[in-house]
Amino acid sequence: MSTFNRLLVTGLPVVPKPLVGRVASRYVAGESLADAVRVVRNLNQQGAMGTIDVLGEEVKERDKALAAVEEYLQVFDTIAAEGLDSNVSIKPTLLGLKIDESFCRDNIERIVVKAKEHGNFVRIDMEDHTTTDATLRIYHELHARYGNVGVVLQAYMRRTLADIAALPKQGASVRICKGIYVEPRTIAWKGFETIQANYVRALEKLIENGVYPGIATHDEYLVNRAVGLIDKHGLWREQYEFQMLLGVDEELRRILIAGGHRLRVYVPYGRDWYPYSIRRLRENPEVARHVIRATLSGR
Ligand SMILES: Cc1cc2nc3c(=O)[nH]c(=O)nc-3n(C[C@H](O)[C@H](O)[C@H](O)COP(=O)(O)OP(=O)(O)OC[C@H]3O[C@@H](n4cnc5c(N)ncnc54)[C@H](O)[C@@H]3O)c2cc1C
């Protein structure tokens with residue numbers, strides 16, 4: 001990233017919220033579950049699967065975490081009632097991880113049980129490094145008990161290869177992504193190419209260990225390397241999937257689907273869209289540039 005772009009992105013937190021909302025709306029389905037249903041139905045018609053995420057994180061009050069659980073239970077009923085091809089993604093800190101680990105575990109368990117009733121699946125997102133150990137503990141316990149739950153590992157974390165080695169031997173499903181949080185160099189790789197190299201190593205380890213990989217990236221180099229690994233290891237179509245974010249590189253999405261690969265799109269919705277949108281804007285200095293220009297010109 002250029003110095004100018006870096007300056008732009010670090011200026012993002014001072015941008016007025018309505019403006020961020022206007023530009024960032026490409027990354028979010030809308031504020032209601034009905035918006036997510038509309039977007040997922042549309043994706044399904046284009047040959048893509050969905051994973052629905054209720055926006056929100058870093059919750060400090062039990063009531064808010066419990067309300068999020070209720071919302072997720074409704075999401076599963078709605079996916080079934082509408083006949084959508086979609087699972088869900090959840091963030092532990094929305095479900096109370098920063099309040100109490102066992103409270104969060106119980107909340108996630110309720111969602112996993114509901115998913116099981118519907119023959120569906122829960123993906124636990126990975127947040128910043130302060131949550132990694134607890135998230136993996138909850139994942140391991142619920143996977144052993146129910147099976148229909150997967151986790152996310154981040155290629156920028158130095159620990160990721162060890163975390164892969166510790167995965168369950170049967171039925172593990174892992175989304176591998178680069179990682180989006182700002183982490184200290186002592187625990188995270190920093191170089192762009194170093195992270196790419198660790199991504200490829202991690203993906204190959206997942207495949208060798210018989211883990212179902214969700215290959216989450218829009219980086220064309222990594223997509224190309226992933227296709228090479230799929231080919232090398234002779235995976236069939238149902239043994240992996242690509243994953244992309246709503247609002248990012250729809251052309252690449254279409255190319256992968258046309259190439260016969262399964263692809264899932266991450267579809268966030270809800271009123272708590274600000275932190276998610278800021279993270280997405282940070283990844284994309286071109287959009288950030290428009291936001292800041294509009295701010296400065298008073299539009
Ligand atoms: C389905 C999915 C789930 C994820 N879940 C998690 C998670 O649980 N935990 C976590 O830490 N991270 C998660 N991430 C984010 C991930 O870690 C990366 O930050 C993000 O995917 C960008 O990395 P990249 O591999 O696409 O490569 P990059 O090099 O960042 O991007 C490659 C290209 O994609 C395009 N692009 C990337 N981001 C944007 C954007 N926001 N807007 C417009 N264009 C863009 C650009 O053209 C860019 O050149 C997830 C990503 C995906 C796709």
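In this text, all values refer to a predicted model and were calculated from it rather than measured experimentally. Counting starts at 1 for both ligands and their atoms, following the listed order.
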For this session: Between Arg175 and ligand 1, find which residue part has any heavy-atom pair under 4.0 Å and reply side chain, backbone, both or neither.
Result: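 Side chain only.
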Problem set entry | Side chain, backbone, both or neither: the part of Val152 lying under 4.0 Å from ligand 1 by heavy atom |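 It is the side chain that touches ligand 1; the backbone stays farther off.
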For this session: Could you go through the side chain to side chain donor-acceptor pair (under 3.5 Å) check for Asp163 and Thr160 one step at a time?
Result: CA-CA 5 Å; Asp163 288 334; Thr160 284; 4.9 Å; no
For this session: Considering only NZ, NE, NH1 and NH2 on the basic side and carboxylate oxygens on the acidic side, decide whether Arg145 and Glu141 come within less than 4.0 Å.
Result: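 So Arg145 pairs with Glu141 through a salt bridge.
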Problem set entry | Residues Arg110, Glu70: salt bridge by 4.0 Å N-O rule |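 Salt bridge: yes.
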For [X], take its heavy atoms, then give the atoms of ligand 1 lying under 4.0 Å from any of them.
X: Asp219; answer: 26 (O), 27 (O), 32 (C)
X: Tyr181; answer: 11 (O)
X: Asp125; answer: 8 (O)
X: Arg26; answer: 43 (C)
X: Thr217; answer: 24 (P), 25 (O), 26 (O)
X: Phe192; answer: 29 (O)

Option with minimal heavy-atom separation from [atom], where the choices are [options]:
atom: atom 15 (C) of ligand 1; options: Gln154, Arg123, Arg280; answer: Arg280
atom: atom 2 (C) of ligand 1; options: Leu245, Ile90, Ile176; answer: Leu245
atom: atom 34 (O) of ligand 1; options: His218, Glu283, Gln243; answer: His218

Exercise. Distance under 6.0 Å and angle within 45° of the ring axis: does Arg280 meet both against Tyr276?
Worked result: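 Judged by the rule (NZ or CZ under 6.0 Å from the ring centre, within 45° of its axis), Arg280 counts as positioned above Tyr276.
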Problem set entry | Inter- and intrachain pairs under ring pair (Phe, Tyr, Trp, His ring centres under 6.0 Å), touching residues 230-262, at least two apart |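 Qualifying pairs: Tyr240-His261, Phe242-His261.
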Problem set entry | Same apolar cluster: Trp189 and Val152, side chain cutoff 4.5 Å |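 No: no chain of side-chain contacts under 4.5 Å links Trp189 to Val152.
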Problem set entry | side-chain contact (heavy atoms from CB on, under 4.5 Å) involving Tyr212 - partner list, sequence neighbours excluded |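 Tyr212 satisfies side-chain contact (heavy atoms from CB on, under 4.5 Å) with Ser173, Glu241, Arg262 once adjacent residues are dropped.
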For this session: State, without any angle test, whether Tyr72 and Asp77 hold a side-chain donor-acceptor pair at a distance under 3.5 Å.
Result: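 Distance-only check fails for Tyr72 and Asp77.
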Do any nitrogen or oxygen atoms of [X] come within less than 3.5 Å of a nitrogen or oxygen of ligand 1?
X: Gly247; result: no
X: Lys178; result: yes
X: Met126; result: yes

Exercise. Do Ile79 and Val37 come within less than 4.5 Å of each other through their side chains, counting heavy atoms only?
Worked result: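 With C-beta onward as the side chain, the pair stays apart.
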For this session: Could you walk me through whether Lys190 and Glu183 pass the salt bridge (charged side-chain N to carboxylate O under 4.0 Å, His left out) test, one step at a time?
Result: CA-CA 9 Å; Lys190 290 289 172 184; Glu183 300 291 9; over 6 Å; no
Exercise. So is Tyr27 close enough to ligand 1, meaning a heavy atom under 4.0 angstrom away?
Worked result: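 Right, Tyr27 reaches ligand 1.
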